[in-house]
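Here's the structure, in structure tokens; my notes come after.
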Amino acid sequence: MLLEGRVALVTGGGRGIGAAIARVLAREGAAVAVNYSASQEKAERVARQISDAGGRAIAVRADVRDPDAVKAMVEQVVAAYGRVDGLVNNAIGGRQAGKLEEATMEDYETAFGFGARAVINTISAARPHMCQAGGGRVVNIVTELWNMAPAGWSVYMAGKGAMVGISRSLAAELGPENITVNMVAPGWMADEKVDRDSAGSKSFAQQLPLRRHGDAEEIGNACAFFLSDLAAYVTGAYVPVCGGRITQMGA
């Protein structure tokens, strides 16, 4: 198992892609802290699923935009498992799609809160523990839309674009501390909310080079790679996991 003996914190881990990431990391041997803000029942369900499968997991609450709450959450994880080796910034909330005239400044501030403030909060809280252990791994969940920048997504890009910039800069800044910072950019992945058999899903899949709709757990696979020793010499990387819809350099 790639992550045996490691401890990973997944923000927004109670549902969707975050839940899939948490399950994959646990399957690879990591003890997983499943973060939630409001979805306690869902996060605890994911933690139970992991425990029932023989893994280790706890649900931990924090609004990741709140630095004090994040610091307390990280201390809770360290108290439970003794360390924190990996961090996956996946949490998101608020409005995402919408034209400029439909969006409010609050929408943009919320997007920036999850894409920038939350990332700074979690890394700042986990960094001392990672340094004490000799290093750590950070994976930030960005988006393939960063390459495509379609109309009607400026709110979403206010957060995800900031996350890309922060990731690249911190990869250089934290590298001397043996803390890697990498990015996984999902496409439209199939999770519990997606009907793979719908006409829209099938049509989308046929437009991709791989001719299939990606599973949310494939994002977890990419995260497991970046959190493992296989990626010990990789930092600042941006990896699209989108069936070939885009390349790293553009559409």
Side-chain angles (χ1 to χ4, degrees), residues 1-4 6-62 64 77 84-93 96 114-115 118-119 122 137-145 156 160 163 182-198 201 204-205 208 210 212-228 230-231 238-245:
M1 293 186 287
L2 289 176
L3 304 175
E4 189 170 5
R6 308 287 178 87
V7 177
L9 168 61
V10 180
T11 71
R15 56 191 175 89
I17 287 177
I21 293 171
R23 287 190 289 264
V24 170
L25 301 187
R27 192 161 62 233
E28 290 295 337
V32 181
V34 182
N35 160 257
Y36 69 93
S37 179
S39 304
Q40 179 176 357
E41 183 178 346
K42 292 180 179 179
E44 290 179 344
R45 183 183 305 125
V46 172
R48 283 197 304 272
Q49 290 171 345
I50 291 172
S51 297
D52 290 346
R56 295 185 296 161
I58 56 173
V60 289
R61 183 182 182 281
V64 289
V77 175
V84 56
D85 305 287
L87 169 63
V88 180
N89 281 304
N90 166 78
I92 193 170
Q96 295 171 33
F114 282 101
V119 175
T122 56
R137 306 280 185 266
V138 178
V139 180
N140 293 327
I141 305 301
V142 292
T143 176
E144 67 171 358
L145 294 186
Y156 188 56
K160 293 302 185 180
M163 187 183 284
N182 291 294
M183 295 166 278
V184 173
W188 179 30
M189 312 303 288
D191 57 20
E192 66 267 18
K193 298 175 292 184
V194 176
D195 180 5
R196 297 171 186 263
D197 296 323
S198 70
S201 180
F204 174 80
L208 302 174
L210 292 183
R212 67 179 180 85
H213 208 143
D215 191 282
E217 290 198 354
E218 292 177 283
I219 304 302
N221 292 340
C223 291
F225 165 72
F226 278 133
L227 294 174
S228 77
L230 294 178
Y238 172 90
V239 175
V241 183
C242 55
R245 190 181 187 196

Task: Non-neighbouring partners of T143 that pass side chain to side chain donor-acceptor pair (under 3.5 Å), sequence neighbours left out - done: none
Open item on the list: Looking at every non-hydrogen atom in both residues, tell me the closest pair between I50 and A26 and how far apart they are.
Closed with: CG2-CB, 3.4 Å
Task: Any residue meeting ring-ring contact (aromatic ring centres under 6.0 Å, His included) with F204, in chain and number order, not counting sequence neighbours - done: W188, H213
Open item on the list: List the residues meeting salt bridge (charged side-chain N to carboxylate O under 4.0 Å, His left out) with R212, not counting sequence neighbours, and say none if there are none.
Closed with: E218
Open item on the list: Please give me the minimum heavy-atom distance between A59 and E44, naming the atom from each residue.
Closed with: CB-CG, 3.9 Å
Task: pair V241-P186: side-chain heavy atoms closer than 4.5 Å - done: no
- [ ] May I ask you to decide if M183's main-chain N or O and N140's side chain share a donor-acceptor pair within less than 3.5 Å?
- [x] no
TODO: State the CD1-CD1 distance between I219 and I17, to the nearest 0.5 angstrom.
DONE: 5.5 Å
Open item on the list: Working to the nearest 0.5 angstrom, can you tell me the gap between L9 CG and D85 CG?
Closed with: 11.5 Å
Open item on the list: Testing the basics here: between V77 and A33, what is the closest heavy-atom pair and its distance to 0.1 Å?
Closed with: CG2-CB, 3.6 Å
- [ ] State which residues pass side-chain contact (heavy atoms from CB on, under 4.5 Å) with Q96; sequence neighbours excluded, sorted by chain then number.
- [x] I92, W153, Y156
Open item on the list: Holding to side chain to side chain donor-acceptor pair (under 3.5 Å), I want the full list of residues that pass it with N35, two or more places apart in sequence or in another chain.
Closed with: none
Task: For E28, all residues meeting side chain to side chain donor-acceptor pair (under 3.5 Å), sequence neighbours excluded - done: none
TODO: Could you walk me through whether Q40 and R61 pass side chain to side chain donor-acceptor pair (under 3.5 Å), step by step?
DONE: CA-CA 8 Å; Q40 179 176 357; R61 183 182 182 281; over 6 Å; no
- [ ] Could you tell me whether a side-chain N or O of R245 sits under 3.5 Å from a main-chain N or O of G187, the two making a donor and an acceptor?
- [x] no
Task: For L227 against A8, the heavy-atom pair lying closest together - done: CD1-CB, 4.5 Å
Open item on the list: I'd like to know whether V46 forms a side-chain contact (heavy atoms from CB on, under 4.5 Å) with Y36, so could you lay out the CA-CA distance, the side-chain angles of the two residues, the decisive distance to 0.1 Å, and finally the verdict.
Closed with: CA-CA 11 Å; V46 172; Y36 69 93; over 6 Å; no
Open item on the list: Using modelled atom types and a 3.5 Å cut-off, is there a donor and acceptor pairing between side-chain atoms of K160 and backbone atoms of I141?
Closed with: yes
Open item on the list: Which heavy atom of G12 sits nearest to which heavy atom of A91, and what is that distance?
Closed with: N-CB, 3.7 Å
Task: Verdict with supporting geometry, L2 and L230, side-chain contact (heavy atoms from CB on, under 4.5 Å) - done: CA-CA 8 Å; L2 289 176; L230 294 178; 3.5 Å; yes
Task: Spacing of CE belonging to M189 relative to CD belonging to E217, to within rounding of 0.5 Å - done: 10.5 Å
TODO: Working to the nearest 0.5 Å, report the span between CG of N90 and CZ of R15.
DONE: 9.0 Å
- [ ] Find out whether V239 and F226 are in side-chain contact, i.e. whether some heavy atom of one side chain is under 4.5 Å from a heavy atom of the other.
- [x] yes
- [ ] Starting from the C-alpha separation in whole Å, work towards a yes-or-no answer on side-chain contact (heavy atoms from CB on, under 4.5 Å) for F114 and V64.
- [x] CA-CA 7 Å; F114 282 101; V64 289; 4.0 Å; yes
Open item on the list: Ignoring hydrogens, what is the shortest heavy-atom contact between V88 and C223? Give both atom names and the distance.
Closed with: CG1-SG, 4.2 Å
